[in-house]
Colleague: 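So that we are looking at the same thing, I have put the structure below in structure tokens.
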Amino acid sequence: DTGVSQNPRHKITKRGQNVTFRCDPISEHNRLYWYRQTLGQGPEFLTYFQNEAQLEKSRLLSDRFSAERPKGSFSTLEIQRTEQGDSAMYLCASSRTGTGGRGTDTQYFGPGTRLTVL
Amino acid sequence: DAKTTQPNSMESNEEEPVHLPCNHSTISGTDYIHWYRQLPSQGPEYVIHGLTSNVNNRMASLAIAEDRKSSTLILHRATLRDAAVYYCILRSVYGQNFVFGPGTRLSVLP
């Protein structure tokens with residue numbers, strides 16, 4: 001179990017630029033989640049994939065945000081035309097379908113990508 | 001989404017037990033109670049979860065009130081490594097995603 005990895009760990013960009021983050025989940029995990037976390041707050045859900053299908057999207061996910069999970073493996077989160085309000089930690093988590101249903105599966109989080117928009 | 005209420009911060013001495021409370025008065029019958037914690041500069045990590053009965057694992061114990069409107073995470077002997085933000089989260093079996101609140105920041109004093 002190598003854990004969930006995220007790259008890059010830090011990204012500094014200028015307002016208006018596009019950025020892309022990558023998440024590599026634990027290999028046998030079919031579910032993948034993206035969250036955003038600002039200072040002093042808990043993580044906020046952005047979107048969820050089961051295998052390659054994006055099944056849920058938060059209202060927080062504006063049309064400048066897009067996420068993909070080709071072939072149900074790694075995932076990318078792209079932010080277009082970044083704004084200063086996008087500065088945050090972006091967290092990825094993965095889990096495996098358990099016998100107890102989705103209410104019981106344990107999410108394993110990566111270390112996050114810290115985005116700073118200047 | 002059913003909400004939880006936790007104290008903003010708590011302090012404990014090293015090697016003493018810690019009881020972290022969580023109120024969830026609007027919990028429904030299909031909601032599991034999950035606890036995660038977030039160490040500094042890391043993503044959250046799973047601690048424990050339960051539905052109705054008290055639960056124990058190697059990290060902690062979860063005590064759930066009989067009416068399920070509150071729960072308590074118990075760390076039996078706090079260590080410095082337990083200093084973290086602890087999140088109490090309700091999650092439906094029907095697949096609502098985690099809704100994190102601001103959590104309780106636990107400080108452990110040597």
Side-chain angles (χ1 to χ4, degrees), chain A residues 1 3-6 9-10 21 23-26 29-50 53-61 88-114, chain B residues 1-9 20 22 24 27-53 55 57-60 62 64 68 84-106:
Chain A
D1 177 1
V4 177
S5 62
Q6 293 187 245
R9 293 293 307 278
H10 303 273
F21 310 139
C23 171
D24 287 272
I26 295 172
H29 285 187
N30 59 335
R31 296 172 176 165
L32 189 144
Y33 304 79
W34 284 98
Y35 293 83
R36 180 175 70 185
Q37 185 174 26
T38 53
L39 204 59
Q41 301 299 313
E44 298 171 293
F45 167 75
L46 292 178
T47 190
Y48 156 66
F49 289 84
Q50 178 146 323
Q54 187 174 19
L55 297 185
E56 288 184 38
K57 291 168 65 172
S58 162
R59 286 168 292 181
L60 293 173
L61 212 66
M89 176 75 81
Y90 289 84
L91 292 161
C92 174
S94 70
S95 70
R96 176 172 56 188
T97 306
T99 56
R102 218 177 120 197
T104 62
D105 65 329
T106 297
Q107 293 189 16
Y108 294 83
F109 284 80
T113 294
R114 181 166 296 284
Chain B
D1 297 324
K3 294 190 183 300
T4 62
T5 305
Q6 300 177 252
N8 290 335
S9 62
L20 296 162
C22 181
H24 29 78
I27 191 169
S28 75
T30 57
D31 286 337
Y32 279 82
I33 303 160
H34 290 253
W35 283 81
Y36 278 69
R37 72 179 186 182
Q38 189 169 21
L39 302 171
S41 302
Q42 295 187 26
E45 65 174 349
Y46 169 79
V47 179
I48 200 166
H49 77 274
L51 184 62
T52 56
S53 304
V55 184
N57 67 20
R58 64 175 180 80
M59 289 182 70
L62 176 60
I64 301 173
R68 301 186 70 234
V85 178
Y86 286 78
Y87 299 102
C88 169
I89 307 156
L90 301 183
R91 192 159 186 234
S92 168
V93 295
Y94 299 116
Q96 287 176 329
N97 290 294
F98 283 146
V99 178
F100 286 82
T104 296
R105 181 172 297 278
L106 175 67

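Letters A, B, ... mirror the listed sequences (proteins, then strands); counts begin at 1. All values below come from the heavy atoms of this structure, side chains included, with hydrogens, waters and symmetry mates left out.
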Colleague: Parallel, tilted or perpendicular: which fits the ring planes of A:Tyr90 and A:Phe21, with parallel below 30° and perpendicular above 60°?
Modeller: tilted
Colleague: For the residue pair B:Tyr36 and B:Phe100, does the interplanar ring angle fall in the parallel (under 30°), tilted (30 to 60°) or perpendicular (over 60°) class?
Modeller: perpendicular
Colleague: Between A:Pro43 and chain B, with a heavy-atom cut-off of 4.5 Å, which part of the residue counts as in contact: side chain, backbone, both or neither?
Modeller: both
Colleague: Would you call the rings of B:His34 and B:His49 parallel, tilted or perpendicular, taking 30° and 60° as the class edges?
Modeller: parallel
Colleague: Side chain from CB out, backbone as N, CA, C, O: work out which of these in A:Glu44 comes under 4.5 Å of a heavy atom of chain B, or both, or neither.
Modeller: neither
Colleague: Using a 4.5 angstrom heavy-atom cutoff, name the option from B:Pro44, B:Gly101, B:Ser41, B:Gly43 with the most pairs to chain A.
Modeller: B:Pro44
Colleague: Yes or no on ring-ring contact (aromatic ring centres under 6.0 Å, His included) for B:Phe98 and A:Tyr33, after CA distance, side-chain angles and deciding distance?
Modeller: CA-CA 10 Å; B:Phe98 283 146; A:Tyr33 304 79; 7.3 Å; no
